[in-house]
Q: 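Have a look at this one before I ask anything.
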Amino acid sequence: MKPTNIKDPEYFHKVVDCQYACPAHTPVPEYIRLIAAGRYDDAYMINWESNVFPGVLGRVCDRPCEPACRRGRVEEEPVAICRLKRVAADNKDDIKARLPEVKPKNGKKVALVGAGPASLTVARGLAPLGYEIDLYDEQEVGGGFMRSQIPSFRLPAEVLDEEVGYIIDMGVTTHFKHYVDSLKGLLEKDYDAIFVGSGAPNGRDLPKLPGRQEGDENISVGINWLESVAFGHTKSVGKKVLVLGGGNTAMDCCRTARRLGGEDVRIVVRSPQKEMKASPWEIEDALAEDIPIFENHVPHSFVVENGKLVGMKFEKVRAEYDENGKRSLIPTGEDLVHMECDDVLIAIGQDNAFPWIERDIGLEFGKWDMPVVDEKTFQSTNEKVFFGGDAAFGPSNIITAVAHGHQAAISIHKFCLGENVAERPEPGVNLLSQKMGFHEWTYDNHIDHDKRHLVPHVDKELALANLKLEVEKGFDQELGYEEAMRCLNCDVQTVFTDNLCIECDACTDVCPTQCINFTDNGEEDELRTRLNAPSNNKEQDLYVSGELKTARVMVKDENVCLHCGLCAERCPTSAWDMQKFSYSVTKAG
Amino acid sequence: MSYLKSTFRHPESPKNDLGYTQANYEGALSTLCAGCGHDSISNSIIKACFELSLEPHRIAKMSGIGCSSKTPAYFLSNSHGFNSVHGRMPSVTTGANMANRDLTYIGVSGDGDTASIGMGQFMHLVRRNLNMVYIVMNNGVYGLTKGQDSATADVGSASKKGVPNMYEPMDLCELAISLGSGYVARSFSGDKEQLVPLIKGAIKHNGFALIDVVSPCVTFNNTPNSTKSYEWVRDHKEATGTFDLVPHEQEITVQAPKDKTESITLHDGSVINLQRQPGSLDVRCRESVLQALEEAKQNKQVLTGLLHLNTDSSNTHEIINTCDAPLNTLGEKELCPGSAVLEAINESLR
Ligand SMILES: Cc1cc2nc3c(=O)[nH]c(=O)nc-3n(C[C@H](O)[C@H](O)[C@H](O)COP(=O)(O)OP(=O)(O)OC[C@H]3O[C@@H](n4cnc5c(N)ncnc54)[C@H](O)[C@@H]3O)c2cc1C
Ligand SMILES: Cc1ncc(C[n+]2csc(CCOP(=O)(O)OP(=O)(O)O)c2C)c(N)n1
Ligand code: SF4
Ligand code: SF4
Ligand code: SF4
Ligand SMILES: [Mg+2]
């Protein structure tokens with residue numbers, strides 16, 4: 001293998017598993033250390049810079065960082081990264097003075113369609129630079145799906161109000177209760193650029209299922225129903241409720257139904273339970289609220305008696321997989337299963353819909369009637385129009401919408417300056433030795449062996465009786481500290497200088513997880529078979545040095561390095577050093 | 001400075017025949033100087049015991065005084081141990097071995113502990129052929145007392161103090177061979193590929209087994225003018241051949257290449273596969289080994305690998321014909337059979 005190029009920012013970035021997995025590349029270990037130090041404001045601001053909604057995301061983020069967390073490879077469970085973010089948000093003081101200063105108006109004007117996280121992030125990038133911003137949304141308040149879909153027992157309105165408010169207060173002009181019915185019309189106004197952050201607002205239905213029309217009064221599309229609950233239009237539901245679908249929307253529907261009077265609320269899914277799309281923790285929370293899951297049940301028909309929905313019939317199937325792992329659902333031939341119900345909520349997916357975008361304005365649509373959008377610049381084929389969030393590439397999540405928003409803001413800014421949008425700014429990177437003295441480090445290199453701490457919940461009876469009562473109480477400062485100590489500081493990198501190494505083996509010998517090897521070089525696959533410890537996780541890189549005096553090379557498997565610094569402590573020549581790597585995605589403002 | 005090592009280990013750590021991982025053979029985090037060769041030897045011992053699937057509680061680690069003699073704290077935490085007096089590990093081990101012949105005895109010592117203060121004990125230990133592994137962590141200095149030249153320092157070799165040594169060095173391997181040890185090897189702390197199989201062979205050998213391991217003292221004797229520095233040893237090390245041990249418990253599946261390979265069966269059925277360079281020495285022949293060692297010395301080479309092997313030697317118990325049961329398992333009746341038996345013995349000698 002060639003010597004690893006550690007000058008390439010992406011090499012060490014990838015070692016910081018959580019930050020790398022975060023679509024917005026939030027510097028996770030840095031804020032976790034600040035939480036451990038009780039510096040909640042600083043921890044909050046690091047988050048805010050990267051992901052704009054720390055209080056929101058500390059509760060409802062999809063947390064792609066956690067499955068990626070190194071801790072999950074070293075012991076059982078990842079660091080509760082998401083809940084630590086909330087600790088920062090819950091414990092901070094007033095941080096308003098630390099928000100970016102808004103510069104005088106620069107004479108440019110931008111329209112944002114939709115007031116969800118994507119548009120709000122664009123506003124957060126451009127408003128401080130002096131842009132005049134018009135924010136349109138058909139809803140009566142800002143927040144997008146964070147407001148209309150995510151139930152308040154998961155995300156209290158005050159938290160959302162605060163963080164949406166920070167952005168609106170940067171001088172953004174809001175046009176709420178304003179549905180944009182023509183992009184052409186908007187283009188004809190004097191905007192320098194337009195950002196479309198209109199989400200994926202169409203919930204899928206089962207229009208052809210027998211009984212659908214007849215039972216309509218008691219059959220709802222999940223996201224429409226949740227919105228109606230969120231804005232107070234729907235206040236109750238029948239005692240027996242069937243929720244169709246296995247994604248997160250289904251989980252929110254069934255838990256909301258339990259709070260609106262549903263006593264026998266069931267989730268019914270076509271697939272086996274283990275293949276449900278919902279996050280494991282959402283499924284757990286639903287099960288904890290006495291909501292059973294019926295797997296391998298394919299909707300067959302709605303049963304309507306005397307013009308009223310009384311139940312549903314399902315066909316039982318079993319999953320079979322071909323050699324490529326492709327699944328087919330094979331009917332078992334058993335009798336149809338009949339389930340009684342008063343209401344049905346259909347939560348089987350969402351689609352994009354752009355009825356308000358004309359097809360003759362130089363804005364090309366491609367596959368699945370989706371706009372053609374550049375994956376890096378977020379520019380459409382109409383150079384003035386940019387997309388982001390669910391509107392760009394289909395339904396995803398808040399943190400992805402934020403990541404898009406940051407990039408789109410950069411693009412819009414460059415576009416307005418007449419610069420080449422395709423040229424992207426480099427990330428800000430830095431490597432800083434953590435050596436404080438002989439065998440002393442500026443970071444706490446002691447490895448904590450605690451298991452993941454559980455987040456306390458409110459009493460179930462209380463939770464089910466109150467739609468607005470937040471179920472999770474969050475970590476208090478003490479638990480937050482304990483959990484923060486589980487972080488392995490993956491951003492403190494093991495940096496090797498080959499010409500200092502005397503090949504004494506001290507690092508190899510001390511390393512608890514046998515990461516370090518001195519061996520003959522070879523091709524990666526072959527080399528992996530010769531290392532001291534099994535090296536089967538090919539997603540994790542091998543760090544290979546230049547040739548050493550004995551013509552061997554140092555090979556470090558990054559997979560389960562604990563970043564404990566013992567290698568550097570035991571190295572007599574400082575060939576190993578622990579250096580903090582910072583990586584920040586460049587923002588527009 | 002860290003005093004604790006995380007207890008997290010590689011999640012896919014392999015297990016040996018006893019179901020143990022290498023972690024079960026580890027010790028405390030070393031407090032020796034960073035980069036000390038002794039730490040690598042500790043790790044080779046860990047690896048050898050793990051790979052041989054030895055039960056840790058059936059091992060006793062014995063040592064004297066010195067940085068080297070401190071190392072038993074850093075390996076085999078689950079084994080017995082005795083950190084004795086300077087140069088007195090041989091007699092303490094002899095006593096232990098007499099009391100319980102069933103344990104595996106791994107003695108570690110330094111060049112000072114062995115070749116200076118402990119020389120007398122060492123020589124008699126070899127003569128008696130006590131069944132044990134004796135590892136000398138040889139750095140040419142008294143590390144613990146801050147780097148005075150030891151009796152194994154080569155003439156002209158200079159440690160950190162810069163004054164070349166004036167006295168003839170002792171060659172512990174030559175000494176052990178001439179005193180009849182049946183297993184004598186030399187190795188280098190920085191070469192685990194060679195050292196681990198040598199330790200395994202020494203453990204399996206019946207009788208006294210010496211491994212003299214050159215082990216650089218980074219703090220006092222890793223200078224450009226030292227013949228016990230990492231660089232010097234790497235540049236001047238010459239191996240007698242490669243060496244591999246197949247324990248008797250393990251089925252021999254890979255046939256060693258026939259030419260140049262000699263397979264020697266040990267008393268317990270384990271097999272040593274020796275692969276020799278053409279024209280290299282015959283390790284079974286004492287004379288030729290002693291000659292080869294002298295020649296290497298003249299050529300400023302460090303001859304490493306298995307130097308001498310004699311599988312026919314008898315250990316102390318066999319020589320003095322003790323009973324098979326460890327003495328510590330015998331009761332008072334067997335140990336003090338009474339005056340009638342004594343009378344009979346005396347009578348037989350009249
Ligand atoms: C039930 C449910 C639960 C979810 N839970 C989570 C979760 O826990 N964590 C998570 O990360 N993600 C969750 N998501 C996904 C997440 O809400 C979205 O991915 C995210 O909000 C997308 O952000 P966005 O900015 O692209 O658009 P959205 O948040 O969808 O906002 C789009 C806004 O545009 C408005 N709009 C659309 N068209 C027009 C128009 N023509 N004129 C004016 N206004 C318009 C809409 O009213 C809406 O307010 C959930 C989604 C659903 C449906
Ligand atoms: C009876 C006695 N004499 C002298 C000493 C002082 N002393 C301690 S260690 C040591 C030399 C150790 O040298 P070596 O065995 O080579 O070990 P190293 O530290 O080099 O590994 C000496 C002389 C002592 N502890 N006890
Ligand atoms: S241990 Fe800490 S730094 Fe490492 S991936 Fe997990 S949260 Fe991130
Ligand atoms: S920091 Fe060094 S010693 Fe610690 S686990 Fe990583 S490679 Fe091993
Ligand atoms: S003084 Fe020398 S022998 Fe002793 S621990 Fe330090 S390096 Fe090792
Ligand atoms: Mg010594």
Side-chain angles (χ1 to χ4, degrees), chain A residues 70-76 437-441 444-449 488 501-515 517-520 530-537 548-552 557 559-576, chain B residues 1-15 21-23 26-47 50 71 74-75 139 188-193 195-196 215-220 222-224 229-235 237:
Chain A
R70 178 176 303 263
R71 186 95 187 181
R73 299 198 294 277
V74 171
E75 51 134 331
E76 283 151 44
F438 199 57
H439 299 167
E440 291 293 345
W441 307 106
D444 186 349
N445 66 328
H446 169 79
I447 305 291
D448 184 279
H449 293 101
L488 298 169
C501 175
I502 57 167
E503 298 176 66
C504 68
D505 272 2
C507 52
T508 312
D509 291 338
V510 79
C511 178
T513 45
Q514 294 184 289
C515 307
N517 306 266
F518 291 89
T519 182
D520 295 332
R530 290 193 273 119
L531 302 186
N532 290 331
S535 179
N536 302 321
N537 185 353
L548 302 170
K549 283 214 187 76
T550 58
R552 300 181 299 173
D557 186 346
N559 186 21
V560 288
C561 168
L562 306 173
H563 296 258
C564 65
L566 288 183
C567 48
E569 283 192 21
R570 299 302 296 164
C571 178
T573 65
S574 295
W576 285 109
Chain B
M1 170 152 160
S2 304
Y3 295 97
L4 288 173
K5 173 162 160 174
S6 168
T7 54
F8 289 147
R9 293 294 176 270
H10 197 291
E12 295 157 64
S13 297
K15 294 199 167 117
T21 63
Q22 195 165 301
E26 290 176 1
L29 186 59
S30 172
T31 58
L32 300 184
C33 304
C36 177
H38 299 354
D39 281 333
S40 292
I41 304 175
S42 299
N43 258 271
S44 293
I45 296 173
I46 291 170
K47 210 156 180 250
F50 163 70
T71 60
Y74 316 133
F75 59 82
N139 54 16
F188 171 48
S189 65
D191 187 357
K192 287 201 185 72
E193 263 172 60
L195 181 53
V196 172
S215 172
C217 168
V218 275
T219 303
F220 297 112
N222 194 33
T223 59
S229 67
Y230 281 107
E231 204 165 341
W232 203 93
V233 181
R234 280 214 170 92
D235 290 347
K237 150 172 97 90

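Side chains are part of it too, since the values below use all heavy atoms of this structure and drop only hydrogens, waters and symmetry mates.
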Q: Against chain A, work out which of B:Ser30, B:Ser44, B:Ser40 has the most heavy-atom pairs shorter than 4.5 Å and name it.
A: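 Between B:Ser30, B:Ser44, B:Ser40, the count favours B:Ser40.
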Q: What part of A:Asn445 gets within 4.5 angstrom of chain B, counting heavy atoms only: side chain, backbone, both, or neither?
A: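 Just its side chain gets close to chain B.
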Q: Answer with side chain, backbone, both or neither: which region of A:Leu566 has an atom nearer than 4.5 Å to a non-hydrogen atom of chain B?
A: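 Answer is side chain: those atoms of A:Leu566 sit under 4.5 Å from chain B.
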Q: Among A:His446, A:His449, A:Glu440, A:Glu75, single out the residue with the greatest number of heavy-atom pairs under 4.5 Å to chain B.
A: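 It is A:His449.
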Q: Go through the atoms of B:Asp235 and report whether side chain, backbone, both or neither lie under 4.5 Å from a heavy atom of chain A.
A: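 Contact with chain A involves no heavy atom of B:Asp235 at all.
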Q: Nearest 0.5 Å please: distance from the CG atom of A:Leu548 over to the SG atom of A:Cys501.
A: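 Result: 5.0 Å between the selected atoms.
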Q: For B:Lys192, is it the side chain, the backbone, both, or neither that has a heavy atom closer than 4.5 Å to a heavy atom of chain A?
A: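 Contact with chain A: side chain only.
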Q: Side chains of B:Tyr74 and B:Thr31: any donor to acceptor distance under 3.5 Å?
A: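 Looking only at side-chain atoms, B:Tyr74 and B:Thr31 do form a donor-acceptor pair, the distance falling under 3.5 Å.
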Q: What part of A:Val560 lies closer than 4.5 angstrom to a heavy atom of chain B: side chain, backbone, both or neither?
A: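 Contact with chain B: side chain only.
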Q: Please lay out, stage by stage, how A:Phe518 and A:Thr550 fare under the test side-chain contact (heavy atoms from CB on, under 4.5 Å).
A: CA-CA 10 Å; A:Phe518 291 89; A:Thr550 58; over 6 Å; no
Q: Please classify the contact of A:Glu503 with chain B as side chain, backbone, both or neither, using a heavy-atom distance under 4.5 Å.
A: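 Both backbone and side chain.
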Q: How far apart are the C-alpha atoms of B:Val218 and A:Ile502, what are their side-chain angles, what is the distance that settles it, and do they pass the side-chain contact (heavy atoms from CB on, under 4.5 Å) test?
A: CA-CA 10 Å; B:Val218 275; A:Ile502 57 167; 4.2 Å; yes
Q: As an exercise, state the distance from CG of A:Leu562 to OG1 of A:Thr513, rounded to the nearest 0.5 Å.
A: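 So the CG of A:Leu562 and the OG1 of A:Thr513 are separated by 4.0 Å.
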Q: Given heavy-atom pairs under 4.5 angstrom as the criterion, report whether the side chain, backbone, both or neither of B:Phe8 touches chain A.
A: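 For B:Phe8, backbone and side chain are both near chain A.
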Q: Looking at chain A, which one of B:Gly35, B:Gly37, B:Ala23, B:Cys33 has the largest number of heavy-atom pairs inside 4.5 Å, strictly under?
A: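 Of B:Gly35, B:Gly37, B:Ala23, B:Cys33, B:Gly35 has the most heavy-atom pairs under 4.5 Å with chain A.
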Q: Is there a side-chain contact (heavy atoms from CB on, under 4.5 Å) between B:Ile41 and B:Thr71 once you walk through the steps?
A: CA-CA 9 Å; B:Ile41 304 175; B:Thr71 60; over 6 Å; no
Q: Can you say whether B:Leu29 sits under 4.5 Å from chain A via the side chain, the backbone, both, or neither, judging by heavy atoms?
A: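 Contact with chain A: side chain only.
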Q: Count the heavy atoms of every other residue, nucleotide or ligand shown that sit under 6.0 Å from CD of B:Glu231, and state whether that count exceeds 12.
A: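 12 or below, so no.
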Q: Does any N or O in the side chain of B:Arg9 come within less than 3.5 Å of the main-chain N or O of B:Gln22, such that one atom is a donor and the other an acceptor?
A: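 Checking the backbone N and O of B:Gln22 against the side chain of B:Arg9, no donor-acceptor pair under 3.5 Å is found.
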